[in-house]
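Because the structure is predicted, anything quoted here is derived from the model rather than measured.
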2 protein chains.
Amino acid sequence: MSEAVAATEAEKPARKQQQRSLVTQHKLLDAATEAFSENGFKGTSTRDIAERAGVHHPLITYHFKNKDQLWRAATDRIFREFNISLVKAMAEVSEADPRARAEAFVRTYVRYAYQRPALHKIILQESSKPSDRLDWLVENHLRPLFDEVVKSLKVLQEMGIAPAGNPALLFNMIRVSAGGLLALSLEIKGTSDIDFDDEGELDKLADMIIRVFFPSSAGD
Amino acid sequence: MSEAVAATEAEKPARKQQQRSLVTQHKLLDAATEAFSENGFKGTSTRDIAERAGVHHPLITYHFKNKDQLWRAATDRIFREFNISLVKAMAEVSEADPRARAEAFVRTYVRYAYQRPALHKIILQESSKPSDRLDWLVENHLRPLFDEVVKSLKVLQEMGIAPAGNPALLFNMIRVSAGGLLALSLEIKGTSDIDFDDEGELDKLADMIIRVFFPSSAGD
DNA sequence: GCTTAATCCTTCCGATCTGGACAAATTCAT
DNA sequence: ATGAATTTGTCCAGATCGGAAGGATTAAGC
């Protein structure tokens, strides 16, 4: 953990954090996010991360203590940003009816999953076997979000908008149809000739999700 | 590749393959499948595989030449078995109507994804970034299967059984709802209190997939 | 059966990479 | 300009990969 971060919970630092330090941390977090999402925790070396960031590798120890803490910092940032994005988007449609809100949720989710594929790739990477990191991820980021969303989904089910059944199961189907598919975009380009970089392709995915999971709506 | 395998495509071997050699290869393939599915290609060491198999590591060089060939052999085996399983299951319902066949497909797919989580985990691992392995996987196993299934799905769409839209996109949603969800089972246990090891939970997933993707059927 | 040669396994080695530690050098806020 | 914050260069002990070389096992032919 960097001194600056530590300072927020300890006594005041004698000196203010330097600008270049923030830049270095930012570069390391970006590089770490990318590397971990591609090769997983075990498959990623701190040297690789440092190289991607264009920085000498001992700086990881200096700023983040070790590989594990760097993973946590990188994951924490990307999930925080995701949550903020989601909350903001939902606030914008707070006046709309439940179905419109559900549609807005799906479209936001799809768009974000496309913009930051690392987010879902990291989930997939870490879910492949038990680990403290997975527990931490579930506890701090996934569970809070899921509980919230599943509650709303339950309402939609009671209104007959969403199909019946375990709402948690339903939500998981929806989110892998969005996030999972986009995390697999490379493979899907090869198997199905679908390129989500193409104009409109992303909307087609969102449309399909809405049509399938919230039927009786024409879905565009 | 082992001498025995090479022999099938070269001139006859002077000697027959020994039994223990087959056992060793089998143990290595099992261990490799498990290790690669958990830690990805880069995150897995040949030492780790050998240790899981209870075998000295130079045997990997002897039987499979190197890590890459071992990955190919392991992946090839698991995908072949999957295809056989699928073909056999579909042959058993060859007389049934299209909807019943679709249901059978989903149930088989779900059951297999549960039994061999490594299959989908390996897909997820390899799709995280471009590689020769991903190309090989797409070309040799994914693409042939997908082309076949998407054709059938198109028919279902024309009959009004499956929702409209790009059939390839639809199929991808279905298969991640099955395989993706089961590959994520560890995470889902933590976030959603759904344990696919519990009796009946697997059927609930299959039911939900059928209900959502092939509506107008009660789905049970 | 007994030999013998192909097949299979084990013990080793060298080069590289791993996460992390440390002190010396540099940069910058005060 | 002073000293803390940051960066750099270097080192370590252990793990990694691929492979060489020789020993053990076993099928095939006598």
Any [X] side-chain N or O less than 4.0 Å from OP1/OP2 of [N]:
X	N	answer
Ser45(A)	dT18(C)	yes
Thr61(B)	dG18(D)	no
His56(A)	dG9(D)	yes
Tyr62(B)	dC9(C)	no

Roughly how many Å is it from [atom1] in [X] to [atom2] in [N], rounded to a whole number?
X	N	atom1	atom2	value
Gln25(A)	dA5(D)	CD	C1'	12 Å
Arg47(A)	dC11(D)	CZ	P	13 Å
Phe41(A)	dT18(C)	CZ	P	13 Å
Ile60(B)	dG19(D)	CD1	C1'	13 Å
Trp71(A)	dG19(C)	CH2	C1'	18 Å
Asn66(B)	dA20(D)	CG	P	13 Å
Lys42(A)	dG19(C)	NZ	C1'	14 Å
Leu70(B)	dG18(D)	CG	P	10 Å

Review point. Would Ile122(A) and Trp71(A) count as a side chain to side chain contact (heavy atoms under 4.5 Å, CB included) if you check the C-alpha gap in whole Å, the side-chain angles of each, and the deciding distance to 0.1 Å?
Key: CA-CA 10 Å; Ile122(A) 287 177; Trp71(A) 183 91; 4.0 Å; yes
**Study point:** Basic-acidic side-chain contact under 4.0 Å: Asp198(A), Lys189(A)
**Key:** no
Check your understanding: Do the two ring centres, one from His56(A) and one from Tyr62(A), sit under 6.0 Å apart?
Key -> no
Revision key, fill the gap. Result for ring pair (Phe, Tyr, Trp, His ring centres under 6.0 Å) between His120(A) and one of Tyr114(A), Tyr109(A), Phe79(A), Tyr112(A) points to Tyr109(A)
Check your understanding: Cationic tip of Arg133(A) within the cone over Phe41(A)'s six-membered ring, i.e. under 6.0 Å and within 45° of the normal?
Key -> yes
Study note, to complete from the structure: Side-chain atoms of Ser21(A) come closest, of dG19(C), dT6(D), dT7(D), to dT6(D)
Point to revise | Side chain of Leu59(B) (C-beta onward), nearest among dC11(D), dG18(D), dC9(C) | key: dC9(C)
Check your understanding: With nearest nucleotides of DNA chain C determined for His57(A) and Pro58(B) from heavy-atom distances, which residue corresponds to the more 5′ nucleotide?
Key -> Pro58(B)
